[in-house]
2 protein chains.
Amino acid sequence: MDKQTLFYKLVSFTSSVHRVTHELTKNAKSDSISQAQYNILEYIAVSQPVTPSDISDCQGMAMPNTSRELRKLSEKKLIEKINHPEDRRKQTIRLSKDGEALMNESFSTIESRFLERIQHASKADLEEMDQAIDILQKKLFY
Amino acid sequence: MDKQTLFYKLVSFTSSVHRVTHELTKNAKSDSISQAQYNILEYIAVSQPVTPSDISDCQGMAMPNTSRELRKLSEKKLIEKINHPEDRRKQTIRLSKDGEALMNESFSTIESRFLERIQHASKADLEEMDQAIDILQKKLFY
DNA sequence: CCTCTTATTTATCATTTGATAACTAAATGA
DNA sequence: TCATTTAGTTATCAAATGATAAATAAGAGG
């Protein structure tokens, strides 16, 4: 197993991951938000509470654009902006009740597609996948 | 290892894969093409020869838009459209010499970043990653 | 030959995304 | 206190992407 062979394998693998992720998430997002807005909500959902700067860094989106999208999400009542008590320049962003509900809906659509995909997996298969994910997460996708 | 736990693990894993892929490929594409055009070239590179319909299906891009992007790539001399000998409605798309060169450049940038990322991996680590990729590719990301 | 279907193109338009300059307001620190 | 830095906003513009209608042109099947 030389490194170059592993690289080619990785290219093919990541392409598969992207394709399958796309299949699982396709149309799972509400039509009322754009893809970028969905990505932001997803990030907030798993990392909240976050600041606009966190979002900007993590999504690779310039601050003015992040600010614009957060304003739209706020207008749609999907997030809440809370002033930081100590540093009044900072904000804390959280999903609103509506935002939580919207993301839960998406996640449950995605989850049921995932369950369909692995419906024929045995207990041993699940165990193997679990371990494989651990290895890759730790050694490659850290 | 119940399926729901595995699902949550998968969500976190795919998010890591996307983040790392983004780090590896960031700025690796030539400035002369857009992201969608790069995605198309990458698909052609690993799957050629392909037809415009293949690209449309695989990229989830509507035919008129696929056609437009292929025209732009063709104008940039990065691909060649060859008429199918049997069915004259069909086309065969291939990378041109320039297209090959451009993709090779990108791939080698990405590869060197990958090598940097795994520079401290032992022979056993590489072996483990290789097997983990095989398992996931076969059982989950098929 | 005629109709239907398939593969692709052209044209057009709305929306989204990305980039930049200029701004406000608050903290920081000499 | 005053200059500088940090966090976020507003405004604006260009470019990329997505969606749709309508066209061309060739194969397929009766």
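Order of the sequence lines sets the chain letters (A, B, ...), proteins ahead of strands, with each chain counted from 1. Every value quoted in this text rests on a predicted model; they were computed, and no experiment measured them.
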Any Lys/Arg nitrogen of [X] or [Y] sitting under 4.0 Å from an Asp/Glu carboxylate oxygen of the other?
| X | Y | value |
| --- | --- | --- |
| B:Glu75 | B:Arg71 | yes |
| B:Lys72 | B:Glu69 | yes |
| B:Asp125 | A:Lys139 | yes |

Any ring pair (Phe, Tyr, Trp, His ring centres under 6.0 Å) involving residues 117-142 of chain B? Give me the pairs, sequence neighbours left out, ordered by first then second residue.
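The answer is A:Phe13-B:Phe141.
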
Reckon B:Lys81 has a side-chain N or O less than 4.0 Å from the OP1 or OP2 of C:dT9?
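B:Lys81 to C:dT9 OP1/OP2: side-chain N or O found under 4.0 Å.
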
More than 12 heavy atoms of other groups within 6.0 Å of B:Glu105 CD:
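12 or below, so no.
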
Is the number of heavy atoms from other residues, nucleotides or ligands within 6.0 Å of NE2 (B:His84) greater than 12?
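Yes, because the 6.0 Å sphere around NE2 of B:His84 holds more than 12 heavy atoms from other groups.
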
Starting from [atom2] on [N], measure out to [atom1] on [X] and report it in whole angstrom.
| X | N | atom1 | atom2 | value |
| --- | --- | --- | --- | --- |
| A:Leu73 | C:dT17 | CG | C1' | 14 Å |
| A:Lys90 | D:dA7 | NZ | C1' | 9 Å |
| A:Lys26 | D:dG18 | NZ | C1' | 16 Å |
| A:Gln91 | C:dT24 | CD | C1' | 13 Å |
| B:Met61 | D:dA19 | CE | C1' | 12 Å |

Would you find a donor on one side and an acceptor on the other, under 3.5 Å apart, between the side chain of B:Ser96 and the backbone of B:Glu80?
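Side chain of B:Ser96 to backbone of B:Glu80, a donor-acceptor pair under 3.5 Å: no, none is there.
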
Ignoring hydrogens and angles, tell me if any N or O in the side chain of A:Arg88 forms a donor-acceptor pair with the backbone of A:Asn83 under 3.5 Å.
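Checked: no pair found.
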
To the nearest 0.5 Å, what is the distance between CG on A:Leu70 and CE on A:Met61?
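Rounded to the nearest 0.5 Å, the CG-CE separation comes out at 8.5 Å.
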
Using a strict heavy-atom distance below 4.0 Å, which residues from residues 38-59 of chain B are in contact with DNA chain C?
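Of all residues in residues 38-59 of chain B, the ones placing a heavy atom under 4.0 Å from DNA chain C are B:Thr51, B:Pro52, B:Ser53.
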
Most 5' of B:Thr66 and A:Gly60 on DNA chain C, judged by nearest nucleotide
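Final value for this comparison: B:Thr66.
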
List every contact pair, protein side and nucleotides 26-30 of chain C side both N or O, where the distance is under 3.5 Å.
residue, atom, partner, partner atom, Å
C:dA27, OP1, A:Glu86, O, 3.4
C:dA27, OP1, A:Arg88, N, 3.2

Which residues pass the ring-ring contact (aromatic ring centres under 6.0 Å, His included) test with A:Phe114, not counting sequence neighbours?
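So A:Phe114 forms a ring-ring contact (aromatic ring centres under 6.0 Å, His included) with B:Phe7.
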
Could you go over nucleotides 10-16 of chain C and give all protein N or O partners under 3.5 Å, atom names and distances?
none

Taking only residues two or more places apart in sequence or in another chain, which ones pass salt bridge (charged side-chain N to carboxylate O under 4.0 Å, His left out) with A:Glu86?
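Here no residue qualifies.
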
